[in-house]
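Written out below as structure tokens is the structure these notes cover.
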Amino acid sequence: MSAFLAMLQRELRLALRGGGDVLTLMLFFVIVGAIVPFAVGPDQTLLASIAPGIVWIAAFLAMLLGLERLFRPDHEDGSLILLRHAELPLSAAITAKLIAHWLVTALPLLLASPILALLLAMDLASFWRTLISLSLGTPALAAFGAIGAAVTVPIRHGGLIAPILIAPLSVPVLIFGVGAITSPQSGAAALFLAALSLMAVALAPFVAAFAIRSAED
Amino acid sequence: MIDLGPHAIFIIWAYFGVALGVFGLIGWTLLDARATARKLAALEARKAPRRTPESTL
Amino acid sequence: MSNDTTRPQAWWQRIAHPGQFVAWSAPLLWPLTLLTAVLFALGLWFSFFNSPQDYQMGDTVRIMYVHVPNAWLSQFVYAMMAVSALGTLVWRHPLADVSMKAAAPLGALFTALALFTGALWGRPTWGTFWEWDGRMTSTLVLLFIYLGIIALWRAFDDQLRAARVIAVFTLVGAINIPIIKFSVDWWSTLHQPASVFRPDGPTMPGSILTPLFMMFFAFTLLFLVLHLKAMHTEIKRRRVMTLQRKLAQGASA
């Protein structure tokens, strides 16, 4: 357990060391959302009706951006090989990475979402639903992202391929995520979203560890 | 040819597109097979004269 | 691994050895090709000259004869890739790698053709080329997964490594496809219900089923023939790469 906590601490310290990354990601999230009105026009009712979709797309893109730093730096400086032979199982190390990744990419998006809600003319009720749906759904996005990043880590220029692989897998997250905000059956959608996140987070570390291990021997 | 009714154009396009796709796939498979076989033959021909009895493996 | 050569091998291990596989499956290629061609000829004749109009769909039912087999293949090929992926990961069998790699472009094309014919059927029937309904949407997502797998194959230099990593991704996709299907169905339900395979038997008249089944078997055989041929090519390509590596080593030594 202490090894796991140490791993988590290491990941968080590495991610926050630059400091700029987290703020840049929040800025990216807000800017993607804020650029939509320029494309579709400033009509308040239209914006309010498509706001849940915009928030989810912005979150999806922002989470894709942060994926590069999940395994790539460790692969390049060789610490991924050390992690494979460490006492802590690789899947546990990846769980720590996943949690740290969620804390430094998804949590800032949740904090920045009020700004987008304001800009996109959301009412308070749908803002709360957005917050719940984002916090239920982003773990699944992070988990699918971890699988995509693990699969593409041996490729020298894997940065472009990972989003292509992850996007089709993330379709259910987007459907239930937006459904949990707008659909009349939003309760059911939120439950599906939670189930999806639990399953993805439970399985992704093992799958990612398996992919990393089979790529290197 | 029989009468295909008012939507003949869609039926013809569907079969034409499928034929194009299938023949393209067959052609690609055959071309790929031929090119690879040729490359393999060339490599084995290059290897053969260099082969001495003790270094066959 | 080294005692594999000394231990007497089971028959299925022997016939699955890449060289042996090419030797015993190459003579099958021509008869299968012939059978495919005959089935296509018969199927096309039946679908144009010996099948009635559907009382609801009219002549557009003829599009179904190419649409249904392609839609079936889009899923069958993925199932085949998933089984091959298991073979790669569990038995580390080189033939499973080859089968997986050869199937991906075939599956992608059949999926694309299923979407294409579906769109051409949808225009006269529903009045639109594209409808965001459950089946079309999940087929589109399946096409994206196929294309992602092909992109992954092309991105790797080392094919042995690629096979294992792609096998992992293929299986993740296989687990995820039912979830995608479920979510997309939940999202939009408009397509007509399945009408060929039902517990109470087919609801289509026999005269439509005859060409449908002939085309179905013709397309499935076509896939098997092309898959076999592509596997032979892939085995040869690996031999080419090994020889090139050996030559390069010999030149540098």
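A note on names: the letters A, B, ... follow the listed sequences, proteins ahead of strands, and every chain is numbered from 1.
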| message | Just so I understand: if I count every heavy-atom pair under 4.5 Å between each of C:Asp157, C:Ile145, C:Asn176, C:Ile179 and chain A, which residue has the most? | response | C:Asn176
| said: Shorter than 4.5 Å, heavy atoms on both sides: which option in A:Val178, A:Ile164, A:Ile147, A:Val151 has the most such pairs with chain C? | reply: A:Val151
| query | Which word best sums up how the rings of C:Phe182 and A:Phe176 line up, parallel for under 30°, tilted for 30 to 60°, or perpendicular for over 60°? | reply | tilted
| Does CD belonging to A:Gln44 count more than 12 external heavy atoms closer than 6.0 Å? | no
| query | Would C:Val165 and A:Val153 count as a side chain to side chain contact (heavy atoms under 4.5 Å, CB included) if you check the C-alpha gap in whole Å, the side-chain angles of each, and the deciding distance to 0.1 Å? | reply | CA-CA 10 Å; C:Val165 171; A:Val153 97; over 6 Å; no
| query | Does a sphere of radius 6.0 Å around CG in A:Leu107 hold more than 12 heavy atoms from other residues, nucleotides or ligands, not counting ones at 6.0 Å or beyond? | reply | yes
| Proximal component of A:Leu203, with respect to chain C [non-hydrogen, under 4.5 Å] | neither
| request: To the nearest 0.5 Å, tell me how far C:Leu160 CG sits from A:Ser214 OG. | output: 12.0 Å
| field | Nearest-0.5 Å distance, CG of residue A:Leu165 to CG of residue C:Leu147 | value | 10.5 Å
| remark: Turns out that what part of C:Leu171 lies under 4.5 Å from chain A's heavy atoms comes down to neither
| request: Check C:Ile177, C:Val141, C:Leu143, C:Leu140 against A:Pro168 for a side chain to side chain contact (heavy atoms under 4.5 Å, CB included) and give me the one that passes. | output: C:Val141
| task | Give, for atom CG of C:Asp158 and atom CD1 of A:Ile155, the distance between the pair rounded to the nearest 0.5 Å. | result | 11.5 Å
| task | Count the heavy atoms belonging to other residues, nucleotides or ligands that lie under 6.0 Å from CH2 of A:Trp128, then report whether that count exceeds 12. | result | no
| Just how far is it from atom CZ of C:Phe144 to atom CG of A:Leu169, taken to the nearest 0.5 Å? | 13.0 Å
| request: Hey, could you give me the CD1/CD1 distance between C:Ile180 and A:Ile175, rounded to the nearest 0.5 Å? | output: 8.5 Å
| task | Report the C-alpha distance between C:Phe169 and A:Val207 in whole Å, list the side-chain angles of each, state the deciding distance to 0.1 Å, and finish with yes or no for side chain to side chain contact (heavy atoms under 4.5 Å, CB included). | result | CA-CA 9 Å; C:Phe169 183 75; A:Val207 174; over 6 Å; no
